[in-house]
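What follows is a short report on a single structure.
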Amino acid sequence: MGSIAPEVDVLATSWSGYLRPDGRKGIRNLVLVIYTVECAQHVAHAIAAHEDDVHVIGFPGCYDNAYAIRLLLALARHPNVGAVLSVGLGCEYTQPEKLADVVRQSGRPAEWFFIQQAGGTKSSVEKGKAILSRLRGRIRAETRRVPMTLADLTVGCECGGSDGTSGLAGNPAVGAFFDLLVDAGGRAIFEETVEMIGLRGHLLARAANPGASQQLAAAYDKAERYCKSVRQWSVSPGNFAGGLTTIEEKSLGAFAKGGSRAIQGVIRVAEPPRGPGLWILDSVPDDHFLQFGYTNPNDTEGIMDLISAGSQIVLFVTGRGSVIGSPVAPLVKITGNSATFRALEEDMDFDAGRVLDGSLTLAQAGRELAEMLVRVAAGEPSKPERLGHREYFIMYKHQNTPSLSEGCRA
Amino acid sequence: MKPRCFQIQPDDNVATLIDDAAAGSVELVGAAQGEIVAAEHISRGHKIALRHLAAGEAIMKYGVRIGHATQPIACGAWVHLHNLASDLDERSGTLDLHSGAPTDTASAYV
């Protein structure tokens, strides 16, 4: 991959995107197949199998959940999605017809059916493929192409499988890119408030204004209450084996992905940033639901949250290495560990470990990352995308609405 | 080439190994330059004590307290779960020192 010449300003680089009816711009033009219960999962995947530009998500529970419905709808109306087919079995709580209605109101074509009314597996797959082909044909022909720059991008960042290099190189490289993105007028989102434990003072000192400070304090205090209540801190055996010893140490490394710009406030799952700049996503459940439930049980859950906030691309920083991807928005994998990059080069997009051996400054790493992301935004598949990774995970959770971040209950 | 360790902030009392180190001389880079003698094998990504640390003393990395020493730590020693504890997380002290695997749920694997 050739890098853009230094005299070309990546901040001003423009590429062609897809204009959605709400004015947001997508970097992909996808049909999303959504199943509304685990019983419809096989059929949904069979419909999407061997189809270009078709991704699958779904919710496994038969009993519905307001949080999960909001998440499904945020993904269905994501800027990278042009059309939706929702498929249900026929006896679950979550309603595929209602999903299709709401998606249609957003100006996107959407269809739905129940497997129990379509004649079973084989007939449903045939019916679904016919619908897919129709929807894809429509969005390919009808979606308006528009120029995009970094100012039109929302980029999320998550870290997982962290080791001693993540906080030294991987996350700081993303932080350097986030500073560039924010200065260019884009939106940057990072999450994992349970990985900000021990940093209350640092966090509040970064608030853009008193309102943001109040939101950050509420989100931090809830995260600490959560960890104390469930007696589980966000640190795993692989982190310890990789050299991290305490949650405070991991938090400092994780927080480095937030760069150095002011934090505009806190958003919650399925909620887009309320303006340009740097935002924190609170994905911790609110206290009263089953005495908290679980926050991010795995990396994929957190990545889905970032996509639900409108991220067209998600960065995943992993010191120890990982082989996941994501539907709806391409995942770009970054490691601060050059040995991991060499060991898993099939899956890793960016080697930030070069910062540690002195062959690259942090500022150069941020700029090189920006150049790579512009190529991905312009259509070049990321490695997980090219490999066909589409892991997703949507779970039962409860978050209040309207959000805590609006100060109603903070 | 001599193995290296990286000190992030000037007031840190631990540095992070960038390479695997055997007992012996390690090059110190980052916020301070010099040399330190590793008292034992320390793996890449793990921490080395930059001076003697008393039991109960704050362990500093990124210029921030990341926990406290649970026993005296010699200069050049490996700093990890056996001698550094979080101020918040009680469970981490029960984990296997080398693999990080949990030991407190062992009774569930029956």
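Here is the naming used below: chain letters follow the sequence lines, and residue numbers restart at 1 for every chain. Because the structure is a prediction, the values reported are computed rather than measured.
- No part of V29(B) comes within reach of chain A, as not one of its non-hydrogen atoms sits under 4.5 angstrom from that chain.
- Distance CD/E249(A) to CD1/I59(B): 10.0 Å, rounded to 0.5 Å.
- Distance check, rounded to the nearest 0.5 Å: OG1 of T245(A) to CG of N83(B) gives 8.0 Å.
- Rounding to the nearest 0.5 Å places CG of L88(B) at 8.5 Å from OG1 of T246(A).
- Looking at heavy atoms from C-beta onward, T165(A) lies in side-chain contact with R44(B) at the 4.5 angstrom threshold.
- For the pair Y62(B) and L168(A), the tightest heavy-atom approach, listed with the atom from each and the gap, is OH-N, 4.3 Å.
- Ranked by heavy-atom pairs under 4.5 Å with chain B, the list L199(A), L356(A), N337(A) is led by N337(A).
- Atom CD of Q33(B) has more than 12 neighbouring heavy atoms from other residues, nucleotides or ligands inside a 6.0 Å radius.
- More than 12 non-hydrogen atoms from other residues, nucleotides or ligands lie less than 6.0 angstrom from NE2 of H82(B).
- Contact tally against chain B (heavy-atom pairs below 4.5 Å) for G319(A), S338(A), G253(A), S251(A): the top residue is G253(A).
- With a 4.5 angstrom heavy-atom cutoff, N239(A) does not touch chain B via any of its atoms.
- Across K47(B), R65(B), H80(B), the residue that shares the most heavy-atom pairs under 4.5 angstrom with chain A is H80(B).
- Summarising the geometry of E248(A) relative to S86(B), their closest heavy-atom pair is OE1-OG, 2.8 Å, with the distance given to 0.1 Å.
- In this structure, NZ on K61(B) lies 8.5 Å from CG on L252(A), to the nearest 0.5 angstrom.
- Counting heavy-atom pairs closer than 4.5 Å to chain B, the top-ranked of the candidates G353(A), A256(A), G242(A), G336(A) is G242(A).
- Per-residue heavy-atom pair counts under 4.5 Å with chain A were compared for D96(B), D89(B), I18(B), and the maximum is reached by D89(B).
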